[in-house]
Amino acid sequence: MEKRLAGKVALVTGAGGLIGPVVVRRLAEEGAAVAVTDLVPDTAESLAADINNAGGRAWAAGLDVTSEEEVGAVFAAAEQQLGPIDILVNNAGLLRQRSEPFQLTEDSVWKRILEVNLGGVMICCSRILSGMITRKRGKIINLASIAGVSGLPGWADYAAAKAGVIGFSRTLAMETGRYGITVNCVSPGMIQKETSANSGTWLGRSGVPADVAALIAFLASPEADYITGGNYMVDGGRTIGPHGATW
Ligand SMILES: NC(=O)c1ccc[n+]([C@@H]2O[C@H](COP(=O)([O-])OP(=O)(O)OC[C@H]3O[C@@H](n4cnc5c(N)ncnc54)[C@H](O)[C@@H]3O)[C@@H](O)[C@H]2O)c1
């Protein structure tokens, strides 16, 4: 694979779930040293060990993105281990298992969804920016969702948080462009471990983590140096418009 990220250092949050490990492996395959972090450190640690054993460079840590103290400490430790962070992928996310109308959602529940999905992104960006501004380079990639664009009945809190991520990222792109920093969102539709038939998309199938990782790697690479403030769907066309054709 082409090493578009040779010499770069990346940090990925929430790297232990469905999409995160595939993103980490893709960034490492393209030559980046990767700080692999998650609330639950086990998967992050075994992933980092795999990458190191395969000749790449990775370091793992437990990280709760809602803790200002942890974010500060882990980012500093990552930079000590791997060098200044060039690429931040804010991938950590939290979705309620159960769908419910908003009037039934307890305040503590929707506040936690906002805290993780929006607050976590804001804390991580806040901690990374001063270094990127000093170095006059940096790529921030925030995982939003098509829910933040179209809405998602049953998950109003998640849709609100992801819409917030998109607005926040756009504004940050405006504020940091002068320093050579790019800020973009990636908005997946339905992503599953294995692709399956999905008539809600125009491609007729659900996506897989590799579909998302490919876009993130591109946005992290010098090939995307002139791209900032965007929100890119990886949704098989789900948000283009509703299905209506009968042929
Ligand atoms: N899978 C999809 O279909 C889909 C669709 C749209 C958007 N997304 C977004 O893509 C990103 C990755 O999705 P995924 O499917 O891999 O999710 P996932 O639930 O499989 O993984 C999310 C990871 O985030 C971690 N996490 C949760 N709370 C955290 C916290 N406070 N601090 C740090 N880490 C925390 C979890 O431990 C988990 O490993 C998320 O932001 C998600 O909202 C996913």
Side-chain angles (χ1 to χ4, degrees), residues 5 8-28 30 32-48 50-51 57-95 112-132 138-145 148 158 161-162 164-166 168-169 172 176 181-188 191 209 212-213 215-217 219-220 231 234:
L5 306 178
K8 302 290 185 195
V9 174
L11 186 143
V12 181
T13 68
L18 175 68
I19 295 173
V22 181
V23 171
V24 167
R25 284 184 198 283
R26 177 72 192 244
L27 298 178
E30 294 220 23
V34 189
V36 189
T37 72
D38 196 279
L39 182 64
V40 185
D42 302 10
T43 322
E45 278 161 9
S46 64
L47 191 56
D50 282 357
I51 289 168
R57 197 158 161 240
W59 172 84
L63 173 62
D64 179 349
V65 294
T66 66
S67 161
E68 290 93 333
E69 294 75 24
E70 268 187 39
V71 170
V74 169
F75 281 23
E79 295 205 328
Q80 220 162 27
Q81 292 292 323
L82 302 175
I85 297 165
D86 302 294
I87 301 157
L88 171 64
V89 182
N90 282 309
N91 172 72
L94 182 63
L95 181 70
R112 180 65 185 161
I113 295 291
L114 288 180
E115 186 180 22
V116 174
N117 291 293
L118 177 57
V121 172
M122 293 174 75
I123 291 172
C124 290
C125 287
S126 154
R127 292 304 174 279
I128 206 78
L129 277 176
S130 60
M132 285 184 171
K139 306 238 182 236
I140 297 175
I141 297 145
N142 295 330
L143 272 288
S145 167
Y158 180 79
K162 293 300 192 180
V165 168
I166 295 164
F168 172 69
S169 305
L172 217 57
T176 61
I181 297 167
T182 65
V183 186
N184 288 290
C185 284
V186 169
S187 282
I191 304 296
V212 182
L215 178 58
I216 291 174
L219 290 171
N231 174 36
V234 187

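Keep in mind the model is a prediction, meaning the values are calculated, not measured.
Taking all atoms of both residues into account, the shortest heavy-atom contact from L5 to A220 is CD2-O, 3.5 Å. Here the closest heavy-atom approach between residue L88 and residue M132 is recorded as N-CE, 4.3 Å. Smallest separation of non-hydrogen atoms from V9 and G83: CG1-O, 3.7 Å. The two residues S169 and V183 have their closest heavy-atom pair at O-CG1, 3.6 Å. A pairwise comparison of heavy atoms in A35 and L82 identifies N-CD1, 3.6 Å as the closest pair. For the pair S187 and S145, the tightest heavy-atom approach, listed with the atom from each and the gap, is OG-N, 3.2 Å.
Between the CD1 atom of I85 and the CD atom of E79 there is a distance of 4.0 Å, given to the nearest 0.5 Å. Atoms CH2 and OG1, on W59 and T37 in that order, are 8.5 Å from each other to the nearest 0.5 Å. A distance of 10.0 Å separates CG in N142 from CD1 in I216, rounded to the nearest 0.5 Å. Taken to the nearest 0.5 Å, the CG atom of L114 stands 12.5 Å off from the OG1 atom of T66. Atom CD1 of I87 and atom NZ of K139 lie 8.0 Å apart (nearest 0.5 Å).
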Kindly determine whether V22 and V212 satisfy side-chain contact (heavy atoms from CB on, under 4.5 Å), including the steps that lead there.
-> CA-CA 9 Å; V22 181; V212 182; over 6 Å; no
Side-chain donor-acceptor pairs under 3.5 Å in residues 10-19, sequence neighbours left out?
residue, atom, partner, partner atom, Å
T13, OG1, N91, N, 2.9
T13, OG1, A92, N, 3.0

Distance-only check: which donor-acceptor pairs under 3.5 Å involve side-chain atoms of residues 115-129, not counting sequence neighbours?
residue, atom, partner, partner atom, Å
E115, OE1, R112, NH1, 3.0
N117, OD1, L94, N, 2.9
N117, ND2, L94, O, 2.8
N117, ND2, I113, O, 2.9

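Residue pairs satisfying the side chain to side chain donor-acceptor pair (under 3.5 Å) criterion with at least one member in residues 39-48, sequence neighbours excluded, are absent.
With sequence neighbours excluded, the residues forming a salt bridge (Lys or Arg N to Asp or Glu O under 4.0 Å) with D86 are R137, listed by chain and number. Applying the salt bridge (Lys or Arg N to Asp or Glu O under 4.0 Å) test to K8 and every residue at least two apart in sequence or in another chain returns nothing. In this structure, the side-chain contact (heavy atoms from CB on, under 4.5 Å) partners of A217, at least two apart in sequence or on a different chain, are R4, R26, L27, E30.
P188 places a side-chain heavy atom less than 4.5 Å from the side chain of L143.
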